[in-house]
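All remarks here apply to the structure that follows.
Remember, it's 1-based here, ligands and their atoms both numbered in the order they're listed. Atom set for the values below is all heavy atoms of this structure, side chains included, hydrogens, waters and symmetry mates excluded. One-based numbering along the sequence shown.
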Amino acid sequence: MPTSPPQTSDARGGGDCLSPSPVQRWTGEASLICEFASALDDTVATVRSNIAAFGPHYPDDTTVGGRYLPRPAAPGFAPGANRGWTTGFWPGMQWLAYEVTGAPGFRAAGEEHVADFERRVELGEDIDTHDLGFLYTLACVAPWRLTGSAGAWRAGIAAADALMTRFSEPAGVVQAWGDLTDPAQRGRTIIDSLLNMPLLTWAAEQTGQERYAAAVARHCARLAERIVRPDDSTFHTFTWDPATGAPVGGSTAQGAHDDSCWARGQAWGVLGFALNAQATGDARLLRAAERCADYLLAHLPADGVPYWDLVFTSGDEPRDSSAAAIAVCGLHELAPLVNAERSERYSSAARDILRSLVKGYTPGADGVRSDALLLHSVYSAPGGVGVDEGSLWGDYFYLEALVRHCVTGWRRYW
Ligand code: GLY
């Protein structure tokens, strides 16, 4: 692993990279002007009680009957161990709660997870995945930004290096799933990968090594060319020939059909292209984010919370509230980057969707007991997994959406 952070300035304008960003404490004054104040307070209270329930362990990807259980045991992993793609969302929520409250208990919980994520990447436990970006951005880059932790920095760079091994030539994309020798997965990427790129952007800023930024630029440009379809919907996955780099075609794993539009994928597109457009300065990515946003907004039911696939716009199919929460963050990110008409439309849609989530998709609103922050998300409808349950990513992005709207000057982790 690399040994120490450089003595250079934080590219996001935060000054010396070892100086933590100021914690944005939630104040009574702010709560007077934010309509989401009480929703934010409720989420922070649930994060606090979930820390007491789980200690150093990790909840499972989704709730079962509204309750999180510890992540199940797997070969080589005890119950509650750090494996899979979603464990970073749990410390991510703790860091958001720390920023909102300044309470040391949230920081202590997050720091305990930093140590576990350092161990995970050092030992190479369950790191054969592009999801290293989701995992390490929230578990290590976030605490590095807030506390200047050298251990978090080292683990973040090590994870970025592991992610770089998945960059596949000549296609110029980061392989999403599985072992690098698996012929079924070579040359395949998925739209979710856009959220894994900020770890590489951060590594480029921190090390000064252009190779990380070059991988981000090429990967995102290829996705903008192919994973966004001519009608502005998106494929979930797209494959390039690993030998020639030629485009092969798109398919789905979690959507209704290969040619339908998986709702969460479209939301990953809005947020992911908006983030990467800023990182690369590539106007094609900004346009891709707008196209993803416009298609999503045109395929929402009346309350603004999508069905799990955008092919459905009415009826009894389950909604995916997590897609809505991600979309709120994406629209919020995109609004300052676009022209005045779009900016107003995206900001107002973000606020309306968040209102709907608060009013209709939270335990308080439903009058149910649940330790999820957000109810009614869908992990995989075709797989019958986590349908109409809370999810760690739904909870994280719901909390991020509330923080984006309530905490002035909050700086994203991505
Ligand atoms: N990144 C996996 C998912 O959104 O389900």
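Ligand 1 has an N or O atom lying under 3.5 Å from an N or O atom of R264, backbone or side chain. Annotation: D192 places an N or O atom under 3.5 Å from an N or O atom of ligand 1; distance criterion only. Distances between N or O atoms of D131 and those of ligand 1 include no value under 3.5 Å. Close N/O approach between W393 and ligand 1 is not found [any backbone or side-chain N/O within under 3.5 Å].
Screening R211, R166, R154 for a salt bridge (charged side-chain N to carboxylate O under 4.0 Å, His left out) with D161, the sole residue that qualifies is R211. Results of the side chain to side chain donor-acceptor pair (under 3.5 Å) test with R71 over N82, T87, D61 single out D61 as the only residue that passes.
Of all the atoms in ligand 1, the ones that sit under 4.0 Å from a non-hydrogen atom of Q254 are 3 (C), 5 (O). Short contacts between ligand 1 and W262, defined as distances under 4.0 Å to a heavy atom of the residue, involve ligand atoms 3 (C), 4 (O), 5 (O). Of all atoms in ligand 1, listed by their number and element, those nearer than 4.0 Å to a heavy atom of Y379 are 5 (O).
Salt bridge status for R67 with E389: absent, with no side-chain N to carboxylate O gap under 4.0 Å. A salt bridge between R222 and E225 is present, with a side-chain N of the basic residue lying under 4.0 Å from a carboxylate O of the acidic one.
Ligand 1 is never approached by W177 to a heavy-atom distance shorter than 4.0 Å.
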ring-ring contact (aromatic ring centres under 6.0 Å, His included) assessment of W393 paired with Y379: CA-CA 10 Å; W393 60 91; Y379 188 172; 4.9 Å; yes
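Taking both residues in full, the closest heavy atoms of L199 and L132 are given as CD2-O, 3.7 Å, listed atom of the first, atom of the second, then distance.
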